[in-house]
Asker: 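Below you'll find the structure I mean.
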Amino acid sequence: MTTQKPSPSSSHDDVWAILPWYVNGTLNEEDTTRVRNHIRLCLPCRREITVQQSLHESLRHAPIVEISARPSFERLMARIDREDRMQITKTANEKTHALRTRWGEILERLLTPGRFSIALALSLAAALTWSLIVQEMTPEEPKSYRTVANAGSFEGFAPHDVRVAFADTATEPEIRKLLESINGEITDGPNSLGLYTVRLKDTDAPESSYLQFLQRLRRNDAVSFAEPAIPLPLSK
Amino acid sequence: MSHATSETKMSSSLPHGPDEMSDGVLIERICASDQQAFESLYKAYYQRLFRFSLRMTRSLDRVEEIINDVMYVVWRKADTFNAEGKVSTWIFGIAYNKCLKVLSERNNADHLTLEDAEDQLPTIQDSGLRNLEIEDWLSVAFAALPADQRAVLELAYHHGLHYNEIAAIMDCSENTVKTRMFRARNKIRALFPELSGNRPDFHDGNLL
């Protein structure tokens, strides 16, 4: 069986196509050798290498304006922070709605239609009034990146605490199993927004263990939201 | 740009980013909502993404939006990153798609015809290519190229990437990368024949 040698023009075409990567020094050893062997005999390719080297040098060393990344980064974090707060509010509203629906079902079973209507109306009015009052009284959630001004809003939390919102479909056994698997415990909650405080039991654990603890909470289907209670320190 | 600060300065040096191993560590920490790690990664990639987005879109007012959209995806989707690949490839792949989206939102074409590009050149016959500022002729050259060819040139020559990595970023085959580069080279040669020694020296397949 004979193997067909590549024609000179196809070899030339192949080398021509990869000259830019010969110039930028990223070709593997085999291709580099192939190019070097070819350009010994090919003037157009040698000229083209000169052209590409000029282009390469120009693009590598074209002056650039260095602009501080900090203002852009802060705008991005503000956007992320806004979205996280909206998610917390949405989760709390969903829980409130679920509570109202369950309460309404209980009243429907206990009361006659007439009394039920009055009781339901009064209950809903009371619940709505209460939730409005609570929302007014609820302090603004601290920014996920701290300033000196809001340092005091983390009072009451330990360094290994995480604020957690459990999914509506999560059952108590599932939550208990999750906490056991990650060596965590609920130390507080739910608050007015439906958030629990979950703490890593080993309070002397290194930060890497805490980060794993947080990651496992976020990835579990029983958890819809998990954020450090005390934000992780920013770089200076 | 609105966020240009007193820290702006001219530099001819290439921006240096962290190596691939530390990029991977930062992504792992970002999965755990580590904002310090995210800020480190953001700063490490900011200059490179700035330059790449500007080269691609030629639109300074959209650059910050593109960078922040890219890094927003990194923050939200860090846990989807495939650790078998390179972080830089992943991030630049997102950036390339964001740039294409910005370009597609424009009503006008994303590049000039060769004739229009030539009109933008100063009298080269008199002053010669050498007297042009590098940024001037690069700007004209890039304006004459479509976005995919600009991307290949920039990724190969400024970012020093192999064609297989460029293919991963642009989500195309290696042959497509080579073809785009081939066409870009031809167009630049047509615009600047001086680069070839004062005469067009198109590839004609002949050996010496």
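Just so it is clear: chains get the letters A, B, ... in the order the sequence lines come, proteins before strands, and each one is counted from 1.
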Asker: Please work out whether the ring planes of Trp21(A) and Tyr163(B) are parallel, tilted or perpendicular, with thresholds of 30° and 60°.
Answerer: perpendicular

Asker: Rounded to the nearest 0.5 Å, what's the gap from OH on Tyr42(B) to OG on Ser72(A)? Could you check?
Answerer: 4.0 Å

Asker: Take atom CZ in Arg34(A); do more than 12 heavy atoms of anything else shown fall under 6.0 Å from it?
Answerer: yes

Asker: Return the OG to CZ distance between Ser208(A) and Arg29(B), rounded to the nearest 0.5 Å.
Answerer: 8.5 Å

Asker: Measuring only between side-chain heavy atoms, which start at C-beta, is His56(A) closer than 4.5 Å to His158(B)?
Answerer: no

Asker: Counting only heavy atoms closer than 4.5 Å, note whether Gln52(A) contacts chain B via side chain, backbone, both or neither.
Answerer: both

Asker: Measure across Asn68(B) and Arg75(A) and return the closest heavy-atom pair with its distance rounded to 0.1 Å.
Answerer: ND2-CB, 4.4 Å

Asker: Tell me, do Gln215(A) and Glu28(B) make a side-chain contact under 4.5 Å, heavy atoms counted?
Answerer: no

Asker: Between Arg185(B) and Leu19(A), is any pair of side-chain heavy atoms under 4.5 Å apart?
Answerer: yes

Asker: Could you tell me the separation between the NE2 atom of His159(B) and the CG atom of Leu59(A), rounded to the nearest 0.5 Å?
Answerer: 9.5 Å

Asker: The test is side chain to side chain contact (heavy atoms under 4.5 Å, CB included); show your working for Cys31(B) and Arg219(A) and say whether it passes.
Answerer: CA-CA 10 Å; Cys31(B) 286; Arg219(A) 288 183 173 172; 4.2 Å; yes

Asker: Is Leu49(B) close to chain A through its backbone or its side chain, or both, or neither, when contacts mean heavy atoms under 4.5 Å?
Answerer: neither

Asker: Would you call Arg189(B) and Glu48(A) a side-chain contact if the rule is heavy atoms closer than 4.5 Å?
Answerer: yes

Asker: Could you check whether atom CG of Asn82(B) has more than 12 heavy atoms from other residues, nucleotides or ligands sitting under 6.0 Å from it?
Answerer: yes

Asker: Can you run down the salt bridge (Lys or Arg N to Asp or Glu O under 4.0 Å) pairs that involve residues 66-81 of chain B, sequence neighbours left out, and say none if there aren't any?
Answerer: Arg79(A)-Asp69(B), Glu83(A)-Arg76(B), Asp84(A)-Arg76(B)

Asker: Check this for me: Asn28(A), atom CG, are more than 12 non-hydrogen atoms of other residues, nucleotides or ligands nearer than 6.0 Å?
Answerer: yes

Asker: Got a second to check how far Leu76(A)'s CG is from Glu65(B)'s CD, nearest 0.5 Å?
Answerer: 12.5 Å

Asker: Which value, rounded to the nearest 0.5 Å, describes the distance between Phe182(B) atom CZ and Ile18(A) atom CD1?
Answerer: 14.0 Å

Asker: Roughly how far, to the nearest 0.5 Å, is the NZ atom of Lys178(B) from the CH2 atom of Trp16(A)?
Answerer: 15.5 Å

Asker: Checking the side chain of Asn24(A) only, and the main-chain atoms of Ala156(B) only, is there a donor and an acceptor separated by less than 3.5 Å?
Answerer: yes

Asker: Do Leu55(A) and Leu153(B) have side chains that get closer than 4.5 Å, going by heavy atoms?
Answerer: yes

Asker: State, yes or no, whether a side-chain contact exists between Phe73(A) and Lys43(B) at a heavy-atom distance under 4.5 Å.
Answerer: no

Asker: Using a heavy-atom distance cut-off of less than 4.5 Å, which residues of residues 181-188 of chain A contact chain B?
Answerer: none

Asker: Less than 4.5 Å to any heavy atom of chain B: does that hold for the side chain of Leu217(A), its backbone, both, or neither?
Answerer: neither

Asker: I need the minimum non-hydrogen distance between Leu211(A) and Ala32(B), along with the two atoms involved.
Answerer: O-CB, 3.6 Å

